[in-house]
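Accompanying notes for the structure given below.
Reminder, nothing fancy here: chain letters follow the sequence lines and each chain counts from 1.
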Amino acid sequence: MTYNPSEIEKKWQGFWEANRSFEPHEDYSKDKKYILSMFPFPSGRLHMGHVRNYSIGDAFARYHRQMGKNVLHPIGWDSFGMPAENAAIKNGAHPKKWTYENIDYMRSELASLGLSFSKEREFATSDELYTKFEQGFIIDMYEKGLLYRKKASLNWCPHDQTVLANEQVVDGCCWRCDTEVVKKEMNQYYLKISDYADELLQDLDKLKEGWPSQVLTMQENWIGKSSGLEFDLHFDEDSKAKLNNSFEKFDVFTTRPDTIYGVSYTALAPEHDIVTYMLDNNLLDESSALAIKKMKNASSIDRQKEKSGVALNINVLHPLTGKSVPVWVANFVLMDYGSGAVMAVPAHDDRDYDFAKMYDLEVNAVIKPKDADVDVSEKAFTDAGVLFNSGQFDGQKSTKAQPAIIYHFEQEKIGKKVINFKLKDWGISRQRYWGAPIPFIHCEDCGIVMEEKQNLPIILPEDVEFTGEGSPLYNHPTWKTCACPKCGKDAERETDTMDTFVESSWYFLRYTASKAIQEDKAFDVKELDYWMNVDHYVGGIEHAILHLLYARFFTKVFRDLGYIKHDEPFGHLLTQGMVLKDGSKMSKSKGNTVDPDALIEKYGADTARLFILFAAPPTQELEWNDSAVEGSHKFLKRLSERSSNAVKCENIPRIDHSALSKEEKFARKKVYEALQRAEDVYTNKFTFNTLIAGVMEAMNALHEQKNSDVWTEGYWIILSILEPIVPHICWELSDTLFGRANLGEQKVLDEVFVVDSMMLGVAINGKNRAEIEVSPSASKEEILALAKVALEKWLEGKEIVKEIVVPKKLVNIVVKG
RNA sequence: GCGGAUGUGGUGAAAUUGGUAUACACGCCAGACUUAGGAUCUGGUGCCGCAAGGCGUGGAGGUUCAAGUCCUCUCAUCCGCACCA
C-alpha cells in the first residue's frame, strides 16, 4: 500500500470529528484516566515545544482508551496575558480580536496533528464565563481572609507612567522608551499562600511516587522552611537620641544561633523602617542617602551582582555580651524575608565575610573544627564545629549549642525560636488591560467592597486605546465609575486585573465540567470526584515552581472552601525537555525554529509525532535533525508498504510455534517483546524512544521471514502498539486489515519467549574473550566445561582462582600467573 | 553566590539498574536494481593497528570476580533563582 499521509490523515481526522470519538463518557462506573497537557498561550502559531507536549499527552490518552478506560483529554487556552497587549501597542490589533483569531488558527494546527482532544470542554480563560467563576472565587477567598492589600515596590517607568514587568526592564531601563526605571510603592492585592506553606511542603511527600524528584526538591527549596532564633537588638542611648527616640530596637532572625558571640555588625535592608525614617528625617549625609536610594532602585538581579553597604553610624548592644555593634545597610538583606534585618557573623558566613572585608569590619571567630584551630584569615568557616569565645557555651558542639542558646534566650525572655519560610505571599494585581478584572469597588465611605456575585462577570470594556502609557482600564473615561453595592454612593471600580497564573491555577478543575452544567457552575462535585486527580500532567520544566505551586495552593484553598475533596491536583507529573536546534533552544531571535505546519505538510502529522517521540526520551532535551525526520518518515512508508504481507482477518491468527523456523520464531519473539515493553513504557517509564526502537526491531525481524501468519500476527500487535504514537496510519492499516479489531488490549504469549539455546559471554578477569552457546537447562558444570574449551588459549599456564557463572548472562574466570 | 541537572561512536541515543558497552535510528562507505537517484533493497561501519592485539562511556583515583551504573575528588556544559541569613 502506498503511503499517502495527507489523504489518510484528513480522512481519519474527519472520522474522529464526525463520530465524536474522543468525548469522555458520562458513565461514572467505568475506570477513568484524566490526561492533561499544559494548555498553551495563544501566541499565534504552534511551536515544536507544543508539538512535543501534545504528542506525549496524546500517547497517554490513546493508550488508555485502548485499555478500555474512560479518558478525559481536554484542551483550552491560557488566553489572558501581556503579549496580547503588547501586540495591541505595537500593531494596533485589539487584544481580544488578536487572541481569538490566534486561537482559531492554533486550533486548526492542533487538529492537523490528530490529537485526541475532547471538543466539548474546550474554553479560553478570557471567556466571560470563565472570568465570571474566577471573580466569584476571588470574592470567596477575600471573605475567607485569604486576600489582602499591601504596598509593594514595583518597576515604574516615569515617562510612560506605567508599571513594568521584570522582562520589560532592560539594563535598568524601560524597554519602550529607554527611560531609567525607578521603584514605586503601590497598593497591591496578595493571596496568602504563606498560610499554606507548611501544608504545601508536607504534601510534597504525597507526590513522591508520581513527580520527578528534582521538581520536588525545587519546590522544597522554594518554600524554604527554616527554624532559628529571633531576638531584639536594642540601640544604645546615643543612637536612640540620634533617632529622636523614635526607635528602641529592631529584631533579627538567624539560623545559626551558635555563632551569636561572633556578631560584629548588623545589617538592615534598604527598605527597612528605620532606614526609611533616617532618610525621611535627613539623618544621613548626602552620599549615604544617595547610595541607599540606589540600592532600592536596583533590580533584584543587579542587587545580587555586587555587595554594597552604608554605615548608619548608630549602634546596638549585643544581647549576651552588651558589646556595642555597628548597624549597616546592606543591599543583600531582603525586606521580605524574616524581619529585613540580620545579625552578621563574618567569621562563619560567606556573605557576611565578603561584606566585612569590603568595609574593614571585625571578624571574630567563635566556632572551630573538632580537632583543629580555625583560620578565618582567608575565608569564613561555615561548617558546624565547637564553640569558643562564647561565654558559658564554650566547648559545646554547634548542634547542641543551637538549642541551648535558643533555650537561654527564651528563659531570659530576650528571644524565641521561630520558623521562617522563604515563600512569599502571591501578588496578583497587574496594572494591565488584558486580564480578569479584580471584582472590587472602592467606596469613600465603605472602603473596599466586593461586587455582588449576581453582577459577575465584571467584563473588560472594548473601546480602549493602547498607547503603552498608563493603565488602559484606569484611563478609560467611564468604565470605573459605579455605585457602591453597600451604600449606593458614587464609587470607583478597581482597575487592576489579575495575574494570569490565577487562571491556570484552576483550569484543570473546569475541564471536569460536563456540557450540561457548564453554564451554571464552574464545576460539579460529583464530576470532580470522578475525574480528579489528573492522572498524567505533561508540561515544560519551566513551570516546575510557580505554576505548579499555585495550582497546588488553589486546590487546597478550594478544598477548604468546600468545593472539592482533593488535597493535590496532579498525581503524576512528566516534565518534558526543551526542543533544541544546533545545540540551543529554538527561538525566533536565533532564527533556528522549525515550523510545525511546514513539517506536517511535507511529511504528515504521524512523521512529526514519530520523530519527536523517537529522537529522545521525553524528559530530556531534544535535538532537532532534519534527516532523522526523513528517517522516521521512511519507517512509516515501510510500515505501510509491508502491510501487504499481512492477511485480512477478524481475529489474531493462531500459530503453532513449535512448527516454525528459527527466523519465524525470532520474529514472533521480537513482536511480543515490543508488546511487553509497550505496557512498561505507557504505564511506568514513558521512554517512547525505546518502545519505537523495539517496534523497529520487530519490523526488521518480520522482514527476515516469509510466514504470512507471523506477518499478520505481527501487524495485529504492532499497529496496536503504535496507534498512540502514529494514530492515522495505524487506523488506516488496522481498518483495512482487521476492521480495527486489534485496537485494544493485546495479550503477551509467553510461549514465544521459550528458546532452544542462548549465547553467554565468557570472560577472563572480567575481560570478555569469547562466546558460547548453551541450552537454557545446562548445569553450571556443563557451562564451565564449555567455557574452558572456548578459553583454552587464554588459560594455558594460568592458575584458576575463581569461577563465576551468572545464569543467562555470562561466565567469568579469575586466573593468576 | 545558591539550587537543579547533564557529559557514552561522526550524530540523536540504548544498556533488563553491578553482569557480553554502543540496541534502534541518522550519517558515512561499498554493492544491487535503474534512463536517472536525494527512491528501494543488500552488506559494512567505536578508535588505534597489516595483524596478533591494545584502547575505549568528560578526567583522576577507589570498591568489586565484574563499574556507563556504586564511592571520593575534579573538569566542562546547560537550566532556574528571590544573596533567604
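Pair assignment for B/rG68 gives none, since no Watson-Crick or G-U wobble pairing has each distance under 3.5 Å. The pairing partner recorded for B/rC84 is none, the criterion being a Watson-Crick or G-U wobble arrangement whose two distances lie under 3.5 angstrom. Under the Watson-Crick or G-U wobble criterion, with both distances below 3.5 Å, B/rA13 is left unpaired in every strand shown. Base pairing of B/rA23: no nucleotide in any strand meets the Watson-Crick or G-U wobble criterion (both distances under 3.5 Å). B/rG46 and B/rC55 make up a base pair, with Watson-Crick or G-U wobble contacts both under 3.5 Å. Across all strands shown, the partner of B/rU6 is B/rA76, judged by Watson-Crick or G-U wobble contacts whose two distances both fall under 3.5 Å. In this structure, B/rG31 and B/rC41 make a Watson-Crick or G-U wobble pair, each of the two defining distances being under 3.5 angstrom.
Nearest to the side chain of A/Ser627, among B/rG27, B/rA39, B/rA82, sits B/rG27. Candidate nucleotides B/rG12, B/rG4, B/rC65 were compared by shortest atom distance to the side chain of A/Glu623, and B/rG12 ranks first. Side-chain proximity of A/Leu334 to B/rC83, B/rA14, B/rC78: nearest is B/rC83. Distance from the side chain of A/Glu621 is smallest to B/rC78 among B/rC78, B/rA85, B/rC83. Checking B/rC79, B/rC41, B/rA23 against every side-chain atom of A/Ala693, the shortest atom distance belongs to B/rA23. Checking B/rC24, B/rA66, B/rA14 against every side-chain atom of A/Asn812, the shortest atom distance belongs to B/rA66. Distances from the side chain of A/Pro617 to the nucleotides B/rA13, B/rG19, B/rG4 place B/rA13 closest. Taking every side-chain heavy atom of A/Asn768 into account, B/rA21 is the closest of B/rA85, B/rA21, B/rA25. Which of B/rG4, B/rA23, B/rC26 sits closest to the side chain of A/Glu697 comes down to B/rA23. Side-chain proximity of A/Lys637 to B/rA39, B/rU20, B/rA82: nearest is B/rA39.
With a glycosidic angle no further than 90° from 0, B/rG9 counts as syn. By the rule that a glycosidic angle within 90° of 0 means syn, B/rU17 counts as syn.
For A/Met696 and A/Thr254, each mapped to the nucleotide of RNA chain B holding its nearest heavy atom, the one lying further toward the 5' end belongs to A/Met696. Residues A/Gly761 and A/Thr217 each lie close to RNA chain B; by heavy-atom proximity, the contact nearer the 5' end of the strand is made by A/Thr217.
Contact annotation: A/His703 side-chain N/O to B/rU42 OP1/OP2 distance is under 4.0 Å. Side-chain nitrogen and oxygen atoms of A/Arg351 include none within less than 4.0 Å of the OP1 or OP2 phosphate oxygen of B/rC2.
Contact annotation for A/Val342: base contact, defined as any heavy-atom pair under 4.0 Å involving a base atom. Within the nucleic acid shown, A/Val333 comes within 4.0 Å of at least one base atom, counting heavy atoms only. Counting non-hydrogen atoms under 4.0 angstrom, A/Phe614 reaches a base of the nucleic acid. Within the nucleic acid shown, A/Lys634 comes within 4.0 Å of sugar-phosphate atoms alone, with no base atom in reach, counting heavy atoms only. Counting non-hydrogen atoms under 4.0 angstrom, A/Glu771 reaches a base of the nucleic acid. As judged by a 4.0 angstrom heavy-atom cut-off over every strand, A/Ala628 is placed among residues touching the sugar-phosphate backbone only. Heavy atoms of A/Asn221 sit under 4.0 angstrom from primed sugar atoms or phosphate atoms, though from no base atom. Using a 4.0 Å heavy-atom criterion, one finds that A/Ser226 contacts the sugar-phosphate atoms exclusively. Among the protein residues, A/Asn700 comes within range of the sugar-phosphate backbone only, with heavy atoms under 4.0 Å from sugar or phosphate atoms but none that close to a base. A/Gly631 comes within contact range of the sugar-phosphate backbone alone, with a heavy-atom separation under 4.0 Å but no base atom that close.
The P atoms of B/rU63 and B/rG12 are separated by 34 Å, rounded to the nearest whole Å. The same atom, C1', is picked in B/rG1 and in B/rA25; the two are 42 Å apart, to the nearest Å. Taking the P atom of each, B/rG43 and B/rC26 are spaced 14 Å apart, rounded to whole Å. Nucleotides B/rC83 and B/rU64 are separated by 47 Å at their P atoms, to the nearest Å. The separation of B/rU22 from B/rG68, taken at their P atoms, amounts to 12 Å, rounded to a whole angstrom. Here, B/rG49 and B/rG53 have their C1' atoms 8 Å apart, quoted to the whole Å. Rounded to whole Å, the P atom of B/rC70 lies 16 Å from the corresponding atom of B/rU20. Rounded to a whole angstrom, the distance from the C1' atom of B/rU69 to that of B/rU57 is 10 Å.
For the pair A/Lys422 and A/Tyr337, the cation does not sit on the ring face, since its NZ or CZ is not both under 6.0 Å from the ring centre and inside 45° of the axis.
Distance CG (A/Leu622) to P (B/rA5): 21 Å, rounded to an integer number of Å. Put simply, CG on A/Leu810 is 14 Å from C1' on B/rA15, counting in whole angstrom units. Distance CZ (A/Arg769) to C1' (B/rA52): 12 Å, rounded to an integer number of Å. In this structure, A/Tyr3 places its OH atom 17 Å from P of B/rA39, rounding to the nearest Å. Taking atom CD1 on A/Ile804 and atom P on B/rU20, their separation rounds to 14 Å, with Å as the unit. Protein atom CZ of A/Arg256 is 11 Å distant from nucleotide atom P of B/rA85, rounded to whole Å. A/Trp426 has its CH2 atom 17 Å from the C1' atom of B/rA82, to the nearest Å. Between the P atom of B/rA13 and the CG atom of A/Asn689 lies a distance of 9 Å, rounded to the nearest Å.
Under the side chain to side chain contact (heavy atoms under 4.5 Å, CB included) test applied with A/Ser390, the options A/Ile367, A/Val366, A/Asp258, A/Ile405 reduce to a single match, A/Val366.
Comment: A/Asp425 does not engage A/Lys192 in a salt bridge, judged by the lack of any side-chain N to carboxylate O separation of less than 4.0 angstrom. A/Arg638 and A/Glu641 are not joined by a salt bridge, as no carboxylate oxygen comes within less than 4.0 angstrom of a charged side-chain nitrogen. A salt bridge links A/Lys788 with A/Glu803: the closest approach of a Lys/Arg side-chain nitrogen to an acidic carboxylate oxygen falls below 4.0 angstrom.
Side-chain contact between A/Leu613 and A/Leu610 is absent, with no heavy-atom pair separated by less than 4.5 Å.
A/His543 and A/His547 have perpendicular rings, their planes meeting at more than 60° on a 0 to 90° scale where under 30° would count as parallel. The aromatic rings of A/Phe688 and A/Tyr682 are tilted relative to each other, their planes meeting at an angle between 30° and 60°.
Scored by the side-chain hydrogen bond (donor to acceptor under 3.5 Å, both in side chains) test, A/Thr687 finds A/Thr690 as partners (sequence neighbours excluded).
A/Glu601 CD: 12 or fewer foreign heavy atoms inside a 6.0 Å radius.
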